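The block underneath contains the structure these notes are about, expressed in structure tokens.
For the numbers below, each heavy atom of this structure counts, side chains included, while hydrogens, waters and symmetry mates do not. Letters A, B, ... are given to chains in the order of the sequence lines, protein chains preceding strands, and every chain is numbered from 1. All values reported here derive from a predicted model rather than from experimental measurement.
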Amino acid sequence: MNIASVIVDVPAKQTDRPFDYLIPEHLIDVIKPGMRVSVPFGPRKIQGFVVGLKSESQFNKLKKISEPLDLSPVLNPDLLSLGNWLSEQTLSYKISAYQAMLPAALKAKYEKKLKLARDIAKDQLLEELQPLYEKIDTITWEEAKQSGMLSMLQKEAAKGQIDIVYEVKDRVKKKKLKSVHSIMSASELEHYRKSLSPQASKQLKVINYFIENQQPIILRELANLLNISTSVIKELVKKGVLAEQNMEVYRDPFEDRDFARTQPLQLTDEQGKAIAPILSSIEEWRHEVFLLYGVTGSGKTEVYLQSIQNVLEAGKEAIVLVPEISLTPQMVKRFKGRFGDQVAVMHSGLSAGEKYDEWRKIQRKEVKVVVGARSAVFAPFENLGIVIIDEEHETSYKQEENPKYHARDVAIERAFQNNCPVILGSATPSLETFARAKKGVYQLLSLPKRMNNQEMPAVEIIDMREELRSGNRSMFSSALLEKLKDRLEKKEQTVLFLNKRGHSSFVMCRDCGFVMNCPNCDISLTYHRYSQQMKCHYCGHEAGVPSVCPECQSEHIRYFGTGTQKVEEELVKVLPEARVIRMDVDTTSRKGSHEKLLDQFEEGQADILLGTQMIAKGLDFPNITLVGVLSADTMLHLPDFRSSEKTFQLLTQVSGRAGRHELPGEVIIQTYSPEHYSIELASLQDFDRFYEHEMTMRKLHKYTPFYYISLITVSHEQLMKAVSVTETITSYVRSKLTSSAIVLGPVASPIPRINNRYRYQCLIKYKREPELNQALKTVLDQYQQEMSSGGLQIAVDVNPFILM
DNA sequence: AGCACGCCGACT
DNA sequence: GTCGGCGTGCTC
């Protein structure tokens with residue numbers, strides 16, 4: 001077994017297969033499958049993943065592995081095979097799949113350098129080049145480029161005066177601190193204590209500490225603990241009693257936070273009934289998928305917690321997935337409160353280093369539970385006992401970049417491999433999931449009542465067209481305004497929700513209707529108040545804000561659509577005494593600010609919390625008695641077959657924020673389409689009827705869950721090229737599928753141009769097409785050349801979430 | 001993805 | 001005749 005099969009870090013069709021390498025003698029027992037190695041590949045050196053070991057290779061001129069990049073495998077055998085499954089499912093490269101399963105810190109960083117060749121002194125170089133190597137023998141490629149003497153250096157390299165060397169490095173350094181430990185045993189220390197000078201009282205303290213504790217301790221911590229200076233400890237190191245070493249420490253994002261420990265709560269009858277099948281599934285090592293369908297506030301989390309408790313007692317591990325949205329701090333609190341430091345937390349708010357550290361805790365088996373966003377489904381556990389996906393319907397579980405996976409699918413596959421259950425939890429399950437539960441593919445567990453039998457909040461729909469007709473042109477209906485005033489008086493809190501997706505603030509001329517569009521993309525520019533600029537959210541194009549209309553020179557140019565900033569300004573005008581906290585991407589971009597703002601609100605430092613998507617979930621404050629949705633229908637008219645579903649889910653979600661405790665809650669939904677079923681049924685909190693209605697629509701239009709969907713998006717700088725390629729692909733795919741499949745296209749993508757590239761697509765709806773995967777692969781193969789050189793892009797998304 | 005190899009136009 | 005353009009094909 002002196003040969004390793006390696007998947008190299010080159011995301012391309014031709015390299016999407018193992019390459020064999022000789023393992024150097026001294027590394028034969030070190031190199032294992034799942035490890036990252038640095039290997040020579042062509043003229044350079046790159047990172048690769050060992051996927052197998054063998055003693056023979058078809059290839060007879062094998063190169064040697066340069067060096068291992070890990071001490072132990074970063075991908076365990078489970079994950080390695082999950083990675084293969086993932087690349088197969090999503091039609092992406094193996095290397096992309098592996099990298100998606102690891103924290104970004106482990107992605108290699110490459111550096112190309114120019115090194116003075118051995119036996120060559122700097123004065124043997126051309127005179128012009130000598131200053132570059134004044135003090136050092138290596139400069140980076142970048143430095144060489146900037147010096148303007150790159151071509152000269154390359155010539156020297158060809159002559160052998162200079163070597164071109166490649167380096168493979170990790171992105172993030174492990175954080176290390178000095179630690180000390182005793183090199184004597186406790187009894188030896190006791191003996192040594194007697195020989196200590198009576199004046200050395202501080203050294204005595206240290207000796208006493210190490211008699212009690214044999215484990216290494218961080219130097220600084222010990223000094224603080226014993227209230228002495230580090231020089232005392234260093235003195236003992238000098239004497240040879242103690243030894244120093246570098247110890248890897250973790251950046252702990254929750255370091256100075258105390259989580260009050262909680263005990264399991266007494267389950268209600270309903271909860272008890274719901275948890276029973278889960279517990280037996282855990283006990284019997286049975287793979288099963290449960291849909292825990294419970295209204296907001298019905299106590300799903302306690303069911304999760306107690307299921308995990310059972311998993312831990314069985315000596316296994318648990319993964320909990322929660323939606324991205326900066327990972328609601330309240331959720332973290334509940335898990336840390338119950339399981340303490342057995343919990344690792346992984347979410348997008350952490351720095352790359354912090355994410356890596358949390359991941360290391362899992363890898364080193366220091367934790368048993370991970371709570372995290374989408375990618376936490378790849379947590380390197382080896383004895384998985386349960387996977388829980390909270391808010392199962394959330395769109396952030398689908399990754400929009402390659403590999404385009406859905407965490408729910410991965411979770412189910414992983415749980416299947418590990419013979420353990422999956423819990424999908426939601427008050428508003430996705431139609432796919434609910435349909436499967438109804439069919440019996442998943443087991444349906446219901447929690448139809450709120451805990452303590454609180455009433456669901458009363459919901460009122462306000463028709464904004466009526467408001468307009470009666471002369472109210474502000475963004476607050478009179479009913480909402482009145483209730484806002486009422487809450488202010490009663491010192492109760494309000495949450496105002498702005499559905500900003502879709503058209504946010506764009507600029508339009510009121511005289512000629514001119515809308516400011518991005519010159520590169522077919523989409524309107526968004527007005528950013530703080531930078532006084534117009535920005536394109538797709539390509540990043542920026543432009544100044546016009547004071548007159550570029551078309552007709554009219555000065556009646558206005559900002560349309562309402563961003564949170566604008567609502568805040570309005571709010572100050574109509575309710576000057578109200579204290580408002582605004583939460584959106586602008587105010588929460590700084591680390592920890594999300595949590596800080598929520599804490600302020602919880603402590604009653606504000607009357608109104610104003611925000612976008614991110615305040616829709618997880619908020620659970622007793623004093624919130626009013627929820628206002630300013631514009632319920634902004635996402636309803638998006639060109640997406642899930643827009644009704646999303647609107648319903650969002651409205652239900654937000655409404656659930658009100659009246660979760662003793663005080664009863666009220667919800668106001670402002671809309672321009674009050675008769676739309678998703679708004680009407682959301683106001684009645686009637687998921688079941690919504691489900692029935694939406695299912696009829698989906699059946700009628702042949703969408704999920706009745707049909708599977710795959711989407712091919714082709715983009716090219718030239719419109720005709722994009723169209724013709726899509727055309728060819730469409731007819732090829734059509735020819736490969738059965739007559740029951742529906743192949744639509746070519747049609748322009750909902751955003752027909754991004755970054756000056758025209759986008760066309762082919763949509764495939766099907767029930768069962770065993771040939772489809774192969775056909776899609778063939779398409780990608782066929783155009784591979786043009787994709788790497790001809791500026792053509794083809795993206796395939798199996799089960800897309802948004803059809804953009 | 002890089003990078004080398006290789007085959008055609010404008011220059012010391 | 002050579003330098004350098006970027007098309008083609010390989011990387012264990």
Once side-chain contact (heavy atoms from CB on, under 4.5 Å) is applied, do any residues pair with [X], and if so which ones, sequence neighbours excluded?
X	result
A/Lys355	A/Leu350
A/Phe41	A/Val8, A/Val10, A/Thr15, A/Phe19, A/Tyr21, A/Arg44, A/Ile46
A/Asp123	A/Ala121, A/Gln130

Distance, rounded to the nearest Å, where [X] contributes [atom1] and [N] contributes [atom2]:
X	N	atom1	atom2	answer
A/Leu62	C/dC12	CG	C1'	6 Å
A/Tyr166	C/dT11	OH	P	16 Å
A/Gln14	C/dC12	CD	C1'	15 Å

Evaluate whether atom [atom1] of [X] has more than 12 neighbouring non-hydrogen atoms of other residues, nucleotides or ligands under 6.0 angstrom away.
X	atom1	answer
A/Lys777	NZ	yes
A/Leu71	CG	no
A/Lys63	NZ	yes

Exercise. Of the residues in residues 38-47 of chain A, which ones touch DNA chain B at a heavy-atom distance under 4.0 Å?
Worked result: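 The answer is A/Pro43, A/Arg44.
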Exercise. Contacts to DNA chain B from residues 101-115 of chain A, heavy-atom cutoff under 4.0 Å, which residues?
Worked result: A/Lys112
Exercise. How about A/His716 and A/Tyr760: are their ring centres within less than 6.0 Å of each other?
Worked result: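 No.
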Exercise. Is any side-chain nitrogen or oxygen of A/Lys63 closer than 4.0 Å to OP1 or OP2 of C/dC12?
Worked result: yes
Problem set entry | Range on DNA chain B touched by chain A, heavy atoms, distance below 4.0 Å |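 It runs B/dA1 to B/dC3.
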Exercise. Salt bridge between A/Lys365 and A/Glu382, side-chain N to carboxylate O under 4.0 Å?
Worked result: yes
Exercise. Between A/Arg36 and A/Asp70, is the closest basic N to carboxylate O distance under 4.0 Å?
Worked result: yes
Exercise. With a 4.0 Å cut-off on heavy atoms, is A/Gln58 in touch with a base, just the backbone sugar-phosphate, or nothing at all?
Worked result: nothing
Exercise. Base, sugar-phosphate, or nothing: which does A/Tyr21 touch, judged by heavy atoms less than 4.0 Å apart?
Worked result: sugar-phosphate
Exercise. Is the side chain of A/Asp170 donor-acceptor paired with the backbone N or O of A/Lys107 at a distance under 3.5 Å, no angle test?
Worked result: no
Exercise. Between A/Asn755 (side chain) and A/Arg757 (backbone), is there a donor-acceptor pair under 3.5 Å?
Worked result: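 The answer is no, because no donor-acceptor pair under 3.5 Å joins these two groups.
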